[in-house]
Amino acid sequence: MSDPSPSLPPLRPMTSSSKLSVRTAAKTRARRTSSVGRIDLGDTVSGLGTMFETKESKAASMKRMHELTQASRNDKDLIKKFWLSFREMNYRHTWITPLIIMVIVYSAYFTSGNRTCTNPLHMFVAVSYQVDDTDEYAKGIKDLCFVFYYMIFFTFLREFLLDVVLRPIPDILHANSKHKSKRIIEQMFYIVYYGFSAPFGLYVMYHSNLWLFKTAPMYETYPDLTNPFLFKVFYLGQAAFWAQQACVLVLQLEKPRKDHQEMIFHHIVTLLLVWSSYVFHFTRIGLAIYITMDISDFLLSLSKIFNYLDSPFTPPVFFIFVTTWIYLRHYINIKILWSVLTEFRTVGDYVLDFATQQYKCWISLPIVFTLIAALQLVNLYWLFLIFRILYRMVWKGIVEDTRSDTESESEESMTPTDSNAKKNF
């Protein structure tokens, strides 16, 4: 039986001139001025609006647009078109749905005339469990409602900033590629967020006895059943931000980074630290860890933006970032780990008593140590990557990075067919 497949032309051996052309093309391929911008370590997650567009999502969008061009015969068709228009607008501008939810909730809350805890919406828009008329707030199940609602708030804030406010900035800064423009606005969001949260955290720490990362006060007043207003707002706000980050990370079905598994592990550990430290009253430890992450990530985003702009300030900013990273994410974190091994048992009560919610005991010690140590292991992995880049930058003069996003700058030169083929691969 003859082979039904069409015959293929015979392969021709590559000539010496063809080999020379390939070598020349490989050697002359453009390189980055620095690999700082490709270090996606830290805690950065792409926004919904900058996620990968699959072939299926593009086809669904085209189908909606086609249906919207059809003539409407009755009211049912008009309702369907309204729904399709909303879906298409939400597909293009992912901040619309969270904005609608926020407008409805805020409008209902502020127009009700009742802004006390008796209002069912109060638990969503404001912190709950105020102790009498003091500045102290206790903890409870309503705090989950606050975290959930502000997860929606951070979704809106991030997507709105990326889509509307920050989008013109790359053009103003003369970013010379679509890839760099996308990365710049992503890092600009982190500049905005960490530029607010890091000073906020330092302000809360300054007005406590934990200033400059003192460790003994973390255990002296344990269990801290209540926290000051700003302390609780900062803590639950951070919990909402991290939970929102984790949800977006789960939605990214494609693997955008080579350290994707490490980042998932980092977020799992962080969320476990947030939950356990809040429920079991170790919030003073959590406050210090929050601040170490926020400040270092602010400088990381800043150095990456300078790098995307090919700025001569990239090396000094990167060196400042490296120094700060080592001090905060390693020296301070190891200092906290050491305090868990020493002061955890000797400072304050050390006993298990469910009646008084006293959980600083022999059971919680290894759990607290393991979680912080796991976070430190991820930070050490990222530190190794930082030193590798630093070594190549200073001693070897090599500027390319072995780590990369799934979407590289080389994709910009691909034809639409090639790009779609890569996404389907």
Side-chain angles (χ1 to χ4, degrees), residues 40 43-54 56-65 68 81-111 121 124-126 145-173 175 178-197 200 233 236-254 256 267 294 297-298 301 304-305 405 407:
D40 284 321
D43 318 303
T44 59
V45 177
S46 298
L48 293 173
T50 54
M51 288 174 62
F52 294 96
E53 287 186 274
T54 63
E56 291 76 12
S57 63
K58 289 183 178 181
S61 176
M62 294 178 63
K63 182 180 179 181
R64 286 192 296 267
M65 294 300 296
L68 287 172
K81 282 191 174 183
F82 177 80
W83 171 243
L84 290 173
S85 298
F86 172 76
R87 289 185 60 187
E88 183 63 22
M89 286 293 294
N90 195 65
Y91 171 73
R92 300 185 182 199
H93 309 285
T94 51
W95 49 269
I96 291 179
T97 296
L99 175 62
I100 293 173
I101 296 173
M102 290 173 56
V103 168
I104 293 174
V105 173
Y106 276 129
S107 298
Y109 177 73
F110 287 109
T111 59
L121 295 177
F124 293 95
V125 301
C145 298
F146 182 90
V147 171
F148 174 75
Y149 181 72
Y150 282 93
M151 286 174 61
I152 299 175
F153 167 78
F154 281 120
T155 301
F156 160 75
L157 178 66
R158 177 174 187 152
E159 301 308 316
F160 181 76
L161 289 178
L162 292 178
D163 189 39
V164 179
V165 179
L166 301 176
R167 186 168 295 277
I169 292 181
D171 292 333
I172 296 174
L173 298 177
K178 183 178 178 181
H179 172 79
K180 287 186 178 182
S181 297
K182 181 190 294 186
R183 294 296 177 253
I184 286 173
I185 61 174
E186 285 180 352
Q187 297 306 317
M188 282 298 299
F189 166 76
Y190 286 107
I191 290 290
V192 172
Y193 174 75
Y194 293 126
F196 174 79
S197 64
F200 188 10
V233 169
L236 293 183
Q238 287 275 29
F241 176 79
W242 280 95
Q244 191 270 345
Q245 290 268 93
C247 289
V248 174
L249 187 63
V250 170
L251 289 174
Q252 290 185 359
L253 302 179
E254 295 187 60
H267 278 70
D294 285 358
D297 280 339
F298 174 86
S301 295
K304 292 176 71 173
I305 289 176
D405 302 331
E407 178 186 9

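Predicted, not measured: the structure shown is a model, and the values here were computed from it.
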To the nearest 0.5 Å, tell me how far [X] [atom1] sits from [Y] [atom2].
| X | Y | atom1 | atom2 | value |
| --- | --- | --- | --- | --- |
| Met102 | Tyr109 | CE | OH | 14.5 Å |
| Thr94 | Phe156 | OG1 | CZ | 10.5 Å |
| Gln245 | Thr155 | CD | OG1 | 9.5 Å |
| Phe153 | Gln244 | CZ | CD | 11.0 Å |
| Gln187 | Asp297 | CD | CG | 9.5 Å |
| Ile96 | Ile101 | CD1 | CD1 | 12.5 Å |

Which atom names give the shortest non-hydrogen contact between [X] and [Y], and what distance separates them?
| X | Y | value |
| --- | --- | --- |
| Phe124 | Cys145 | CD2-O, 3.5 Å |
| Val125 | Tyr150 | O-OH, 2.9 Å |
| Met188 | Ile169 | CE-CD1, 3.9 Å |
| Ala240 | Met151 | O-CG, 3.4 Å |
| Leu162 | Ile185 | CD2-O, 3.1 Å |
| Asp294 | Ser197 | OD2-OG, 3.1 Å |

query = Any chance CZ of Phe196 has more than 12 other-residue heavy atoms, nucleotides or ligands included, within less than 6.0 Å?
reply = no
ask   = When you look at Asp163 and Trp95, which way does the side chain to side chain contact (heavy atoms under 4.5 Å, CB included) test go after all the steps?
value = CA-CA 8 Å; Asp163 189 39; Trp95 49 269; 2.9 Å; yes
ask   = Is the distance between the ring centroids of Tyr193 and Phe200 less than 6.0 Å?
value = no
ask   = Taking the side chain as C-beta and beyond, is there a heavy-atom pair between Tyr149 and Tyr106 under 4.5 Å?
value = yes
request  = Could you check if a side-chain atom of Lys182 sits within less than 4.5 angstrom of a side-chain atom of Glu186, using non-hydrogen atoms only?
outcome  = yes
